[in-house]
Amino acid sequence: MTDIPASMADVSGSGAGSRKLLIYGGRLALTLALIAGWEYGARTLGPLFFAPPLATAERLWALAISGQMLADILATLRVAVAGFAIAGIVGVILPFLLRRSARATEAIEPAVMFTMGIPKYALAPWLILWFGIGDMPKLVVVTLVVFYIVFITTFAGIRGVDRRLISMARVIGASERRISREIIWTSLLPFFFTGLKIAFPRAVSATIVGEFLVSTEGVGRYIEGARQVSDTTGVFAGVVIALALVLTINAILNAIERWALRWRPVERDMEL
Amino acid sequence: MSDIAAPTLHSKRWRRHCDHAAVIVIILALWSLATWRFGTYWVSSPWAVAIRFVEMIASGELLRHAGYTLTEAAAGTLIGGVPAVLLPLLLRRHPVMVAILDPFMVGGYGAPKLAFAPLFIVWFGIGMESKIALVVSVVFFIVYFATLGGVRALDAKLVQTAQIMGASEQQVARSIVLPGAVPAIFAGFRIAVPYGIAAAVIAELISANRGLGYLVQNGAMNFDTTGVFAAVLMATLLVHAAVWLMNALEARLLRWRPPLDPMMETGP
């Protein structure tokens, strides 16, 4: 009698077809309403506040044709991927090392928790003093941002491994190393992907913020440069690029996750 | 693993405190080593940072700037958080609406909100409003999905029982759905609030004339690393204070029930 399905987006059962139609129709209407609102905002507030959708699209096209869009995206991805790789490797290996010693884990836990609260971006101006305006300050910030996410999720994953599986493997004579690889790593994969899915978009986002503060190239540089000369169309176009970039990355990561975890029967509650 | 012969609970705790102290000493030693190696111009010493921190607290400067940042974060958390909690509660009986909104919410959740900071500065100027807007955009989606998860995880039997006993829709929402979703809502806020504070600081770094982010930027421009570190320290303490407050508030609101698994679903 009460209509609280397990998942509200669930559209099965009677009248599923018309319901589906309603949902897709609603989404389309909402999309059109958002674009109309954007256009209306541009007309009432003026192009200095709201770049019209058409002007933004034209700018995006011009950026795509001239190749600047690709150059900016590659510059941003270069830093994001490098920082992500460093932080990802350290953030996965460290919990595996700490697994062996409960004492060391307990000893560093408060320090890790405290430093996790540092707004890492706030270190950027100081890092700029150190490393100049190249990739380095951004790289350090991205690495720090990603490290904590990967470290914490990997750690939670290792702690969440079913102890019985490990005992069982020991009984049938598996080596410690084999246990690490076969049981812990496999059990960890969902957590690893959760961490990855949170961390990689965060890395791109961190790079863009880093580029706001200092840089000579990249998507963030384009947005902030446009803002400083009151080129609102440029700001809009840049934000659209940043949005599309991150959402595309999200979609790719989701697809990879589904593929890598296809052996799992159902999604368990593994979200952090 | 058990090379220490069965330590008592007391000695175990004592050992843990010693370990924690040792870690702090090691960190401070490394920091001092860096100061000694590179000079105070590049890496301020821990002692100088502590003194500056106390000085700036005493002069009221640090607290004033922290107050601005805190106001921005708090206003943004309220403006973004309240609708984010209400929306899933109101839409509980309208799954089609939730399904329509879903791709937009997932997009908003995944969107790099921090990258929107210059846009908000264009719209709202370099004052507090642009920072509040950024915090709102960060907080809203996190809390929305946390609350939605809590509402969905609701025990349908409780609702049915209440309805059989003649509870109105409003009573069900207030007495069953909202209290049941509180842990999930707080799980969302626990993630959203530190992120919100960081967002306020970032917006201040980009363009502002007050707040902790401004203090950091100003310190860096004057090559005053001690000032930078003191401001970063203050921001860190602010984050921890906010998290502590969230936990205290949740503990108070959930007095009536036994503690649950702290890991809650918080995102799509």
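Here is how names work: the chains are called A, B, and so on, in the same order as the sequence lines, proteins then strands, and each is numbered from 1.
Between B:S207 and A:R227 the shortest heavy-atom distance is CB-NH2, 4.0 Å. Between B:T236 and A:P119, the closest heavy-atom pair is OG1-CD, 3.7 Å. The two atoms that bring B:I100 and A:R27 nearest to each other are O-CG, 3.3 Å, heavy atoms only. Between B:D19 and A:A107, the closest heavy-atom pair is CB-CB, 3.6 Å. The nearest pair of heavy atoms linking B:P112 to A:A242 is CG-O, 3.8 Å.
Contacts between B:L233 and chain A at a heavy-atom distance below 4.5 Å involve the side chain alone, from C-beta outward. For A:Y24, no part lies under 4.5 angstrom from a heavy atom of chain B. With a 4.5 angstrom heavy-atom cutoff, A:L213 touches chain B only via side-chain atoms. When heavy atoms are compared at a cutoff of 4.5 Å, A:L48 approaches chain B solely by way of its backbone atoms N, CA, C and O. With a threshold of 4.5 angstrom between heavy atoms, A:L129 approaches chain B through its backbone and through its side chain. With a 4.5 Å cut-off on non-hydrogen atoms, A:M116 does not touch chain B at all. For A:L247, the part lying near chain B is the side chain, with the backbone staying farther off; criterion is any non-hydrogen pair under 4.5 Å. With a 4.5 Å cut-off on non-hydrogen atoms, B:I197 does not touch chain A at all. Within the 4.5 angstrom heavy-atom criterion, only side-chain atoms of B:F229, from C-beta onward, approach chain A. Both the backbone and the side chain of B:L119 come within contact range of chain A, each with at least one heavy atom under 4.5 Å from a heavy atom of that chain.
Checked by atom type and distance alone, the side chain of A:W126 pairs as donor or acceptor with a backbone atom of B:W42 at under 3.5 Å. In this structure a side-chain-to-backbone donor-acceptor pair under 3.5 Å is missing from B:H20 to A:A111.
In terms of non-hydrogen atom pairs under 4.5 Å with chain B, the most contact-rich of A:G220, A:A122, A:G25, A:A206 is A:A122. Annotation: maximal heavy-atom pairing with chain B below 4.5 Å, among A:T31, A:L245, A:N250, occurs at A:T31. Ranked by heavy-atom pairs under 4.5 Å with chain A, the first of B:V228, B:V201, B:I202, B:I27 is B:I202. Between chain B and the residues A:G26, A:G117, A:S205, the largest count of heavy-atom pairs under 4.5 Å involves A:G117. Here B:A115 is the residue among B:A115, B:P194, B:A21 with the most heavy-atom pairs under 4.5 Å with chain A.
In this structure B:F104 satisfies the ring pair (Phe, Tyr, Trp, His ring centres under 6.0 Å) test with no other residue, sequence neighbours excluded. In terms of the ring pair (Phe, Tyr, Trp, His ring centres under 6.0 Å) criterion, B:F116 has no residue partners (sequence neighbours excluded).
Separation of atoms CD1 (B:I121) and CD (A:E224) is listed at 6.5 Å; rounding is to 0.5 Å. Interatomic distance, CD1 of A:I128 versus CE of B:M221, reported as 9.0 Å (0.5 Å rounding). Residue A:L30 holds its CG atom at 6.5 Å from CG of B:L101, rounded to the nearest 0.5 Å. Taken to the nearest 0.5 Å, the CD atom of A:E109 stands 9.5 Å off from the CZ atom of B:R16. Going from atom CE of B:M97 over to atom CD1 of A:I23 covers 11.0 Å, rounded to the nearest 0.5 Å. Separating the CG atom in B:L114 from the CZ atom in A:F212 is a distance of 8.0 Å, to the nearest 0.5 Å.
Interface with chain A: from residues 238-246 of chain B, residues B:V239, B:H240 qualify, criterion being any non-hydrogen pair under 4.5 Å.
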Side-chain donor-acceptor distances from residues 233-241 of chain A under 3.5 Å, at least two apart:
none

